[in-house]
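Side-chain atoms are counted along with the backbone in the values below, which use heavy atoms only and exclude waters and symmetry mates. All values derive from a computational prediction rather than experimental measurement.
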Amino acid sequence: MEKGKKVMEFAQWFVIFALIIIAVFAGKRLKDRTKEISRMLNYEGSKLVLYEGPKSLQDAKPEDLLSESEKQRNFALLHCTDTKVKVNGYDCYVYDTNVNHNRVWYPDYMPPQSRTPITYFDFEGMAKIEVSVPAMDLKSVKISPLSYHIIPEVDLDSKTVTFTITKPDNYTVIFNDSPERALHIFTNTIEKDAPTESTENIKYIGPGEWNIENIILEDNQTLYLAGGAVVHGIINANYAKNIKVEGRGILDGSSFQGWMGKTAYVPLKFDNCDGVTIKDIIVLNSNAWVCSAKSSVNGVIDGIRIISSRPNGDGITLQSCNNYRIENSFVRSWDDSLVLKNYEGSSSHISFENMQLWTDFAQSMEIGYETNKGQAEDVSISDITFRNITVLNNFHKPVISVHNADDAIIKEVTFQNITVENAQMGSGDGDEMPYLIDIHIPKTSNWTSTKERGTIDHIIIDNVKVLSGKFSPSRVEGFDENHKISNVSISNLEILSEKITGFEQGKFQIDPATTENIIIK
């Protein structure tokens with residue numbers, strides 16, 4: 001009896017021990033499985049923020065997509081109906097905005113306008129994008145920037161395009177190797193602690209369509225445009241300090257008539273300011289220039305998206321500004337995309353980095369021509385950097401240009417890591433300046449304000465690649481023997497897969513009488 005009791009106790013302890021062992025191993029497996037599930041959730045469960053567009057926006061009709069001047073058809077920002085976008089299976093609101101495919105100047109300021117779709121969202125992790133274009137004769141698709149090496153799945157029968165992105169950035173879908181109806185997709189990181197209402201120093205504009213002709217910011221104020229907001233109006237400040245314009249919304253100028261050379265309603269205009277930050281908003285349909293600052297200091301422009309289509313639609317233009325940083329932004333313009341000038345005093349310490357440009361008309365990166373419009377004494381443009389720039393398309397005039405039509409000194413300018421995906425310089429009336437690189441002190445100019453001329457000195461152009469399009473010439477030409485272009489270094493230039501190591505090979509036009517120490521390697 002005693003022996004049997006001991007056997008039973010042993011058996012019980014054995015069972016308990018076995019259960020403990022099983023539990024330990026089960027727990028370890030459960031813990032490991034939890035890690036595995038966590039990894040799968042982090043991959044499959046990517047975070048996504050979509051913004052519904054205003055219900056008051058009209059649906060685009062076929063007649064709204066005709067190439068006509070703004071006087072001949074509806075110019076308003078519209079809800080796109082012929083391009084559908086899904087992100088991770090969810091419908092994403094698509095807008096139809098105006099663009100301009102004409103490469104010639106219209107003296108009446110009324111060029112024909114076309115339209116193109118845009119959309120935007122925030123995400124973390126992965127975004128699977130499906131684009132449907134049921135009315136299009138779809139033949140081919142490419143995704144820019146090409147540096148991401150995105151190869152989309154294209155179903156020609158269902159007319160759908162599917163691809164995945166993992167990094168918030170700006171992406172452009174090109175159909176049938178044509179700029180027509182290209183889809184611009186603007187993506188952001190997910191905001192943290194975004195405002196939801198107005199406070200003493202925050203002007204909050206929520207989702208919906210708003211007509212606010214002019215918003216003026218004062219010291220220490222922030223204007224926040226929430227995702228899903230469309231504001232018809234302009235934002236400006238003068239002699240203000242520490243101001244911000246940010247958010248996910250759209251600033252739209254389609255309610256203003258084209259400026260016709262008379263009245264410009266610049267969407268973002270900041271003069272004589274100290275400490276201006278513009279971040280992440282989208283600006284469409286400006287009636288002239290888009291983002292402008294004059295005689296301002298300590299500025300940051302980060303992550304904004306610009307599409308302009310009307311005459312003088314310069315993207316980001318700074319006049320006599322100092323200590324500005326422009327980065328992570330997208331500019332599609334119907335005039336110079338990025339431009340620096342002197343209107344009152346000197347310009348210095350300005351950098352453009354990690355930018356995407358699509359230049360429908362004029363130049364992608366321009367210094368000048370107006371380098372002393374205010375006719376001040378001893379003015380200069382110095383310490384300027386353009387770095388890590390992708391030019392999706394350049395259709396008209398030079399990609400890189402340094403022009404001095406006044407008496408300023410231009411010095412210490414760097415262009416580095418510039419990729420041109422499609423070079424079409426010289427299109428339309430751009431044949432007067434069909435250059436890839438143009439460094440020039442002109443004899444005569446429509447933009448000259450001073451009788452004398454200045455100089456251009458110490459220009460670095462490094463690692464410029466032209467992937468497709470034309471093998472365009474370049475020019476380096478000064479004014480005279482006393483107003484020269486000096487010390488220009490060009491290195492790692494590649495045009496259509498050809499490494500350029502000589503000026504003749506690169507089709508450079510260099511005036512030996514007005515230049516010195518111009519080297520290529």
Side-chain angles (χ1 to χ4, degrees), residues 319-320 336 339-350 362-363 365-386 397-416 418 425-426 430-462 464 472-493 500-521:
Q319 304 97 38
S320 302
D336 302 328
V339 56
L340 300 178
K341 304 177 182 182
N342 282 342
Y343 274 18
E344 295 178 340
S346 296
S347 303
S348 68
H349 296 90
I350 297 171
Q363 300 156 109
M365 291 163 277
E366 159 76 344
I367 294 179
Y369 280 91
E370 303 98 310
T371 62
N372 191 11
K373 190 172 183 178
Q375 301 184 36
E377 294 185 3
D378 301 323
V379 297
S380 64
I381 296 177
S382 63
D383 195 4
I384 310 299
T385 302
F386 298 84
K397 291 182 179 179
V399 173
I400 293 172
S401 53
V402 181
H403 295 140
N404 193 352
D406 290 318
D407 61 357
I409 295 173
I410 300 178
K411 62 181 180 179
E412 298 171 5
V413 181
T414 297
F415 299 88
Q416 188 173 49
I418 312 296
M425 289 74 76
D431 56 357
E432 62 174 307
M433 291 170 58
Y435 305 114
L436 170 64
I437 300 167
D438 190 27
I439 307 175
H440 188 216
I441 305 176
K443 301 290 191 294
T444 60
S445 171
N446 294 331
W447 300 280
T448 295
S449 299
T450 65
K451 182 179 179 180
E452 296 296 322
R453 289 293 185 272
T455 58
I456 299 175
D457 191 15
H458 283 94
I459 308 297
I460 296 175
I461 299 173
D462 177 50
V464 175
S472 296
S474 294
R475 174 175 64 173
V476 184
E477 180 183 336
F479 184 76
D480 59 26
E481 61 180 10
N482 296 317
H483 304 88
K484 289 186 173 183
I485 298 172
S486 308
N487 304 310
V488 177
S489 173
I490 302 168
S491 57
N492 301 308
L493 174 62
I500 307 302
T501 56
F503 289 122
E504 184 177 352
Q505 179 195 13
K507 300 182 181 179
F508 276 79
Q509 303 166 11
I510 299 178
D511 179 16
T514 61
T515 64
E516 62 183 8
N517 194 27
I518 315 298
I519 62 173
I520 188 169
K521 55 186 178 180

If you define the side chain from C-beta out and look only at heavy atoms, does anything of Q319 sit under 4.5 Å from E344? no
Nearest non-hydrogen partners of P434 and S472, listed with the distance: O-CB, 3.4 Å
Can you tell me if H349 has over 12 outside heavy atoms packed within less than 6.0 Å of its NE2? no
Side-chain touch N372/Y343, heavy atoms, less than 4.5 angstrom: no
Would you indicate whether the side-chain heavy atoms of N517 and S486 approach each other to under 4.5 Å? no
Let's go through N342 and D406 carefully: what are the C-alpha distance in whole Å and the side-chain angles of both, what is the deciding distance for side chain to side chain contact (heavy atoms under 4.5 Å, CB included) to 0.1 Å, and is it a yes or a no? CA-CA 10 Å; N342 282 342; D406 290 318; over 6 Å; no
Looking only at heavy atoms, what is the nearest atom pair of I381 and I384, with distance? CG2-CG1, 3.8 Å
I510 side, atom CD1; E516 side, atom CD - distance, nearest 0.5 Å: 13.0 Å
pair T371-V379: side-chain heavy atoms closer than 4.5 Å: no
Would you give the length of the straight line joining atom CD1 of I518 to atom CD1 of I485, rounded to the nearest 0.5 angstrom? 7.0 Å
Check: I456 and K411 side chains under 4.5 Å, non-hydrogen atoms: no
Can you find a heavy atom in the side chain of M433 that is under 4.5 Å from one in the side chain of Q363? yes
Atom OG of S489 and atom CD1 of I460: how far apart are they, to the nearest 0.5 Å? 6.0 Å
Looking at every heavy atom in both I418 and F386, which two are closest together, and how far apart are they? CD1-O, 3.9 Å
Any donor and acceptor pair, going by atom type alone, linking the side chain of D336 with main-chain N or O of V339 inside 3.5 Å? no
Sidechain-backbone polar pair: T450 side chain, E452 backbone, donor-acceptor under 3.5 Å: yes
K397 and E432 ion-paired at < 4.0 Å: yes
What distance separates N446 CG from E370 CD, expressed to the nearest 0.5 Å? 10.0 Å
Rounded to the nearest 0.5 Å, the NZ atom of K507 sits from the CG atom of L436 at a distance of 11.0 Å
Residue pair S346 / S380, side-chain heavy-atom distance below 4.5 Å: yes
Is there side-chain contact between M365 and V399, with at least one heavy-atom pair below 4.5 Å? yes
Quick one: list whatever passes ring-ring contact (aromatic ring centres under 6.0 Å, His included) with Y369, sequence neighbours left out. H403, W447
Show your working on side chain to side chain contact (heavy atoms under 4.5 Å, CB included) between F415 and T385 and close with a plain yes or no. CA-CA 6 Å; F415 299 88; T385 302; over 6 Å; no
Test side chain to side chain contact (heavy atoms under 4.5 Å, CB included) applied to I410 and D457, step by step: CA-CA 6 Å; I410 300 178; D457 191 15; over 6 Å; no
Test: K443 cationic atom under 6.0 Å from F479 six-membered ring centre, within 45° of axis: yes
Rounded at 0.5 Å granularity, tell me how far CG in L340 sits from OG in S347. 6.0 Å
Among E366, R475, H440, find the one that has a side-chain hydrogen bond (donor to acceptor under 3.5 Å, both in side chains) with S401. E366
Trace of the side chain to side chain contact (heavy atoms under 4.5 Å, CB included) decision for I439 with I461: CA-CA 11 Å; I439 307 175; I461 299 173; 4.1 Å; yes
Nearest heavy atoms of P442 and N404, plus distance in Å: CD-O, 3.3 Å
Nearest atoms (heavy-atom pairs only) where T455 meets N482: CG2-O, 4.2 Å
